Amino acid sequence: MQNINIFRVMEGRGVRINKEVVDQEIAYGEGRMNQLRRELNGYNPLSHKDLKTLLIDEMKLPILPDRLTPAGKPSFDKNAMKDYEAILENNPAYANGPWGSVASNILEYRGWHITLSLCYKKFSDLVGPDGRLRCDYWLHGTKTGRTSAHDPNLQQIPKDGNKIWNRNIKRAFEADEGYVLLQVDFSQGEMRLATRYAKQPNLTETFQWNRDMWGDMIAALNRPKAQCKTLTYAKMYGAQRNKLRLILGGDDPDQFITDWEAYHDRIVAFSNKVYEVAKKRGYVRYWTGRVRHLPDRRDARLAFNSLLQGGLAEIVKSAMIRLYNEVDNPECRMLLMVHDSVIFEIKREYLEQYITQIKQVMSRVEDEFETNVPFDVEEEMWGLDAA
DNA sequence: CAGATCGTTTTT
DNA sequence: CATGAAAAACGATCTG
């Protein structure tokens with residue numbers, strides 16, 4: 001079976017939508033947006049112009065030098081608004097004014113705008129008469145070889161959130177009667193691939209012994225998990241020294257970076273080699289033979305990330321072929337794919353046995369790709385309230 | 001007015 | 001000159 005046919009089957013199946021939850025959230029969200037707009041004196045939080053008039057001209061807040069848009073204008077995105085919120089809270093001149101909650105109002109308005117227009121309203125418009133929502137996958141939708149999804153883009157539905165505007169998103173999806181929705185992810189797939197390519201001994205051991213990668217890194221580098229994640233992802237994306245310092249903030253970032261690079265010495269050396277080779281050739285070749293041509297061969301920083309992002313996408317697509325051939329059936333249907341995870345609709349009474357089988361088949365990467373680093377997967381139930 | 005670009009949000 | 005990957009999609013605003 002080829003991927004194109006598998007995706008065609010998945011597009012045909014779609015996923016069931018809970019119309020009550022969707023309608024309820026639309027009504028509530030629209031009400032909140034109207035109220036917030038009134039509290040903001042009619043200023044439109046979606047208009048950069050309005051926000052400049054309100055925040056800079058009227059409220060006399062400063063333009064934040066570290067918070068500029070690519071075009072060099074003051075940014076009012078959520079990071080900037082957090083800074084403004086702190087300024088407002090710490091300054092009595094503002095606290096006693098009429099704009100006490102202006103920052104949180106703007107953030108909530110924009111949060112609802114995104115959730116309603118991209119999720120709930122889209123779901124409502126696009127859901128079929130049978131109550132199922134179908135997106136459109138583009139198998140060639142990205143430069144790296146990942147798949148993209150459209151109408152709606154189900155690859156960007158918010159995670160269950162602490163934020164009120166997307167706290168109920170997952171409740172909008174439901175399984176058929178007697179079934180459950182299960183997501184299965186390749187965990188730390190890109191780091192496993194980097195470890196496999198670079199033959200990084202300590203990480204190879206971490207993965208072979210099925211230890212927690214973050215736990216080992218935290219212990220070795222003596223830094224909090226959030227910092228370890230930030231730096232690790234930034235390195236996988238090819239961030240340069242200045243950018244690393246900026247995103248890590250205070251607390252001796254240079255020492256941290258040095259320690260990280262020592263702990264991942266083989267990966268660092270390998271990424272440098274990928275850079276050199278890609279610069280010479282103008283492209284990078286994945287394990288399947290697929291190539292990504294660089295948009296500008298003088299700048300090969302993209303190469304390492306493409307090798308990981310694209311190479312993992314090839315691993316996931318291979319896994320989907322095995323899953324379709326060996327597992328998929330009316331009791332256990334593949335419905336959706338989100339980059340490094342696959343979402344299934346499974347008959348509840350056989351759930352445990354299918355979890356075992358899916359994990360075994362999905363992680364059997366060595367069928368196509370020789371590796372001594374295991375590619376483990378983790379399962380997660382959708383809709384925990386499903387009794 | 002149509003189409004392009006900007007700024008913002010969300011995901012892996 | 002500066003540089004953090006890949007995307008979708010909305011509304012507001014700019015451009016021809």
Side-chain angles (χ1 to χ4, degrees), chain A residues 33 43-53 67-81 106-122 125-126 135-138 140-161 163 165-166 169-170 183 185-191 193-194 229-248 271 274-275 284 292 294-296 298-313 316 336-343:
Chain A
M33 285 177 77
Y43 284 111
N44 181 0
L46 305 184
S47 162
H48 189 267
K49 236 175 168 179
D50 275 19
L51 290 184
K52 185 176 176 296
T53 306
R67 303 281 184 209
L68 299 176
T69 70
K73 290 192 267 190
S75 171
F76 305 115
D77 70 8
K78 60 183 176 183
N79 295 321
M81 293 314 299
I106 290 167
L107 289 173
E108 188 184 343
Y109 184 97
R110 291 193 304 219
W112 277 113
H113 167 251
I114 288 287
T115 303
L116 290 182
S117 63
L118 263 41
C119 296
Y120 295 119
K121 284 183 182 175
K122 277 284 173 188
D125 287 349
L126 297 173
C135 71
D136 177 13
Y137 289 104
W138 291 11
H140 54 277
T142 70
K143 299 292 175 55
T144 56
R146 293 224 286 214
T147 299
S148 64
H150 304 249
D151 301 306
N153 179 7
L154 291 179
Q155 297 191 137
Q156 66 171 149
I157 48 171
K159 298 184 274 209
D160 278 329
K163 289 168 248 154
W165 53 86
N166 57 215
I169 289 277
K170 283 282 172 68
Q183 174 167 347
D185 290 75
F186 277 103
S187 57
Q188 290 103 37
E190 287 170 4
M191 284 298 282
L193 188 53
K229 278 188 160 180
T230 300
L231 178 53
T232 301
Y233 284 121
K235 291 293 277 183
M236 292 302 102
Y237 296 149
Q240 306 298 292
R241 197 82 181 189
N242 281 342
K243 187 70 181 184
L244 293 177
R245 287 202 192 100
L246 188 70
I247 57 182
L248 288 171
S271 74
V274 170
Y275 177 86
V284 59
R292 191 218 166 148
L294 300 175
D296 177 358
R298 289 166 302 184
D299 180 9
R301 286 174 308 148
L302 290 175
F304 180 58
N305 181 257
S306 292
L307 187 71
L308 301 184
Q309 189 182 121
L312 185 64
V316 176
L336 305 170
M337 180 269 206
V338 184
H339 301 309
D340 61 3
S341 68
V342 183
I343 291 102

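Everything numeric here is computed off the predicted structure, so don't read it as measured data.
Nearest approach of A:Pro45 to A:Ile106, heavy atoms of both residues: CB-CG2, 4.0 Å. Nearest heavy-atom pair across A:Leu336 and A:Tyr137 is CA-OH, 3.4 Å. What you find for A:Trp165 and A:Glu108 is that their closest heavy atoms are CZ3-CA, 3.6 Å. The nearest pair of heavy atoms linking A:Thr144 to A:Ser306 is CG2-OG, 4.0 Å.
Rounded to whole Å, atom P of B:dT10 lies 7 Å from atom CD1 of A:Ile114. In this structure, A:Leu116 atom CG and C:dA9 atom P are separated by 17 Å, rounded to whole Å. Taking atom CG of A:Leu126 as the reference point, atom C1' of C:dA9 lies 12 Å away to the nearest angstrom. Atom CG of A:Leu308 is separated from atom P of C:dA6 by 13 Å (rounded to the nearest Å). Atom pair A:Asn305:CG and B:dT12:C1' shows a separation of 11 Å (rounding to whole Å applied). Atom CE of A:Met236 and atom P of C:dA6 are 15 Å apart (whole Å). Nucleotide C:dA12 holds its C1' atom 17 Å from the OH atom of A:Tyr43, rounded to whole Å. Atoms CG (A:Leu294) and C1' (C:dT3) sit 15 Å apart, rounded to a whole Å.
In this structure, the side chains of A:Lys49 and A:Asn44 stay at 4.5 Å or more apart for every pair of heavy atoms. Residues A:Met81 and A:Arg110 form a side-chain contact, since some pair of their non-hydrogen atoms from C-beta on lies under 4.5 Å apart.
Residue A:Phe76 is in sugar-phosphate contact alone, with no base atom involved, counting any heavy-atom pair closer than 4.0 Å across all strands shown. Residue contacts for A:Asn242: at a heavy-atom cut-off of 4.0 Å it reaches no nucleic acid atom on any strand shown. The residue A:Ala149 sits close only to the backbone: its heavy atoms come under 4.0 Å of sugar-phosphate atoms, none of a base. Backbone-only engagement by A:Arg292 is indicated by non-hydrogen atom pairs under 4.0 Å involving sugar-phosphate atoms exclusively. Across all strands shown, A:Ile247 has heavy atoms under 4.0 Å from base atoms, whether or not it also approaches the sugar-phosphate. Here A:Ser341 lies out of heavy-atom contact (under 4.0 Å) with every strand. Heavy atoms of A:Arg110 sit under 4.0 angstrom from primed sugar atoms or phosphate atoms, though from no base atom. Within the 4.0 angstrom heavy-atom criterion, only backbone atoms of the sugar-phosphate kind lie near A:Lys163; the bases stay farther away. Within 4.0 Å (heavy atoms only), A:Asp151 reaches sugar-phosphate atoms of the nucleic acid but no base atom. Residue contacts for A:Lys235: at a heavy-atom cut-off of 4.0 Å it reaches no nucleic acid atom on any strand shown. A:Trp165 comes within 4.0 angstrom of the backbone, heavy atoms only, and of no base. In this structure, A:Lys243 reaches the bases: a heavy-atom distance under 4.0 Å links it to at least one base atom across the strands shown. Here A:Gln309 lies in heavy-atom contact (under 4.0 Å) with a base.
Among B:dT12, C:dC10, C:dA7, the nucleotide with an atom closest to any side-chain atom of A:Ser117 is C:dC10. For A:Thr69, counting side-chain heavy atoms from C-beta on, the closest listed nucleotide (C:dG4, B:dT10, B:dT8) is B:dT8. Of all nucleotides listed (C:dT13, B:dT10, C:dA7), C:dT13 comes nearest to the side chain of A:Lys49. Minimum atom distance to the side chain of A:Ala71 is reached by B:dG7, of the listed B:dG7, C:dA6, C:dG4. If you check B:dT9, C:dA7, B:dT12 against the side chain of A:His339, the one that comes closest is B:dT12. You'll find that the side chain of A:Pro158 is closest to B:dT10, out of B:dT10, B:dT12, C:dG4. In this structure, the nucleotide among B:dG7, C:dG11, B:dT9 sitting nearest to the side chain of A:Leu46 is C:dG11. Relative to the side chain of A:Lys73, the nucleotides C:dA6, B:dG7, B:dT9 differ in distance, and B:dG7 lies closest.
For A:His150, a side-chain nitrogen or oxygen approaches OP1 or OP2 of C:dA9 to under 4.0 Å. A sub-4.0 Å separation between OP1 or OP2 of B:dT10 and a side-chain N or O of A:Lys78 is present. OP1 and OP2 of C:dA5 both lie 4.0 Å or more from every side-chain N or O belonging to A:Ser306. Look at A:Ser47 and you'll find a side-chain N or O under 4.0 angstrom from OP1 or OP2 of C:dT13. Here A:Ser75 reaches the OP1 or OP2 of B:dT8: one of its side-chain N or O atoms lies under 4.0 Å away. The side chain of A:Asn153 places no N or O atom within less than 4.0 Å of a non-bridging phosphate oxygen (OP1 or OP2) of B:dT10.
At least one donor-acceptor pair closer than 3.5 Å links the side chain of A:Gln155 to the backbone N or O of A:Thr147.
Ring pair A:Trp138/A:His150 is parallel by interplanar angle, where below 30° counts as parallel and above 60° as perpendicular.
Taking only distance into account, the side chain of A:Gln156 never meets the base of B:dT11 through a donor-acceptor pair shorter than 3.5 Å.
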